[in-house]
Amino acid sequence: EKLKIVASARQLPEQQVTNQTLSQIMDTNDDWIFSRTGIHQRHIVTNENTSDLAIKVATQLLNKTGIAAETLDFIIVSTMSPDSLSPSTAAIVQGAIGANNAFAFDLSAACSGFVYGMSVASGLLSTRYHRGMVIGAEVLSKLVDWQDRTTAVLFGDGAAGVLVETTQDHVGLLAEELQTFGNKGDNLIAGRFANKNPFAGEISPEDPYFHQNGREVYSFATREVPNVLQVALDKANVSADDVDYYLLHQANARIVSSIAKRFGQPADKFPTNMATNGNTSAASVGLLYDELVASGQVHAGQTIAFVGFGGGLTVGAQIFKI
Ligand SMILES: O=C(O)C1CCN(c2ccc(-c3cc(CO)ccc3Cl)cn2)CC1
């Protein structure tokens, strides 16, 4: 069996924070930020946590499809910014929407989370499980050091997800390639908390905040993303020209355009939304997908590549016939 995407939805916090606004609370400016990242603004929560955004996505998916929550077999939330370690954000969603027959769990793969979540979902969809949700949800504003202008300007909050089902049709997930480079993981860290047990020395220093070695992650992305994407295309027996849209993780506009060039593909096959959303980690590919579905640019019959890359360090590419 294959995984088919039945519906998608997105939820961005109401509050929009522009570079101009940030320049009033830290030493930065719109030109510096936009020229390096392609970001003009981002959505930042005021009174919502990660589960609140994810619940809104799940509720939209049920309303759009008329599907009853009780018919869901599983809910996966991909996030690096959960409300808590326990309960998982997915479990909070499951309880809130009354998906009484669904098992639920969070998946932690940073900015590759949506693709890794789709891969796990496609593994679950079989004769035993027929329907589930994969939601990328982030409130990165809780992980950012708002005194650190090198990271505070990069990230945003948001959630997006899909309702997926088993399908016998010729559509759905054609092929994928997921890779992890754990020995490079220290180049993108966040959420390290200490162990204060009376029997331990210092095991790891407490540091809740984001830190990234931008240069290293940038060169990693420009090197490894094309390699992984090509493997997925070969497995799917699809040429780069056959793909209608490449939906990449929205970390940085220059990275997206350098990957498009590496692939010899026109820029308009690589839509971006970091200008208005910033980097929303696991939510970014889903946000881009749903925005393009809503605008009609993405529709049934097309061949789409979903590509996540980032913390871990991880890369994930999937080729879909939607
Ligand atoms: O030019 C500069 O000063 C810098 C140059 C480096 N930049 C970077 C570098 C890497 C990322 C990044 C982040 C994640 C985390 O989601 C995942 C994937 C990537 Cl490729 C984002 N920005 C920012 C501006």
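Small disclaimer: the values here were computed from a predicted structure and weren't measured. Atoms within a ligand are numbered from 1 in the order they appear, just like the ligands themselves.
- Side-chain N/O atoms of Gln179 and Glu224 include no donor and acceptor closer than 3.5 Å.
- Neither the backbone nor the side chain of Gln250 comes within contact range of ligand 1; no heavy atom lies under 4.0 Å.
- Remark: minimum distance from atom 12 (C) of ligand 1 to any protein heavy atom is reached at Ala251 CB, 3.6 Å.
- The Phe309 neighbourhood of ligand 1 comprises atoms 17 (C), 18 (C), 20 (Cl), with distances under 4.0 Å to a heavy atom of that residue.
- Ligand 1 is approached by Arg254 to a heavy-atom distance shorter than 4.0 Å.
- Close N/O approach between His249 and ligand 1 is found [any backbone or side-chain N/O within under 3.5 Å].
- Listed by chain and number, the hydrophobic cluster partners of Ile203 come to none, as no ILVMFWY side chain reaches under 4.5 Å of it.
- For Tyr129 and Phe103, the distance between ring centers is under 6.0 angstrom.
- Neither the backbone nor the side chain of Thr150 has a heavy atom within less than 4.0 Å of ligand 1.
- The option from Ala110, Gly38, Gly214 that lies nearest to atom 10 (C) of ligand 1, judged by heavy atoms, is Gly214.
- Using a 4.0 Å cut-off between heavy atoms, Gln212 contacts ligand 1 through its side chain alone, with no backbone atom that close.
- In this structure, atom 23 (C) of ligand 1 lies nearest to the protein heavy atom Asn252 ND2, 3.6 Å.
- Considering backbone and side-chain atoms alike, Thr37 places every N or O at 3.5 Å or more from each N or O of ligand 1.
- Side-chain contact annotation: Ser51 with Asp83, donor-acceptor N/O pair under 3.5 Å present.
- Within 4.0 Å of atom 18 (C) of ligand 1, at least one protein heavy atom is present.
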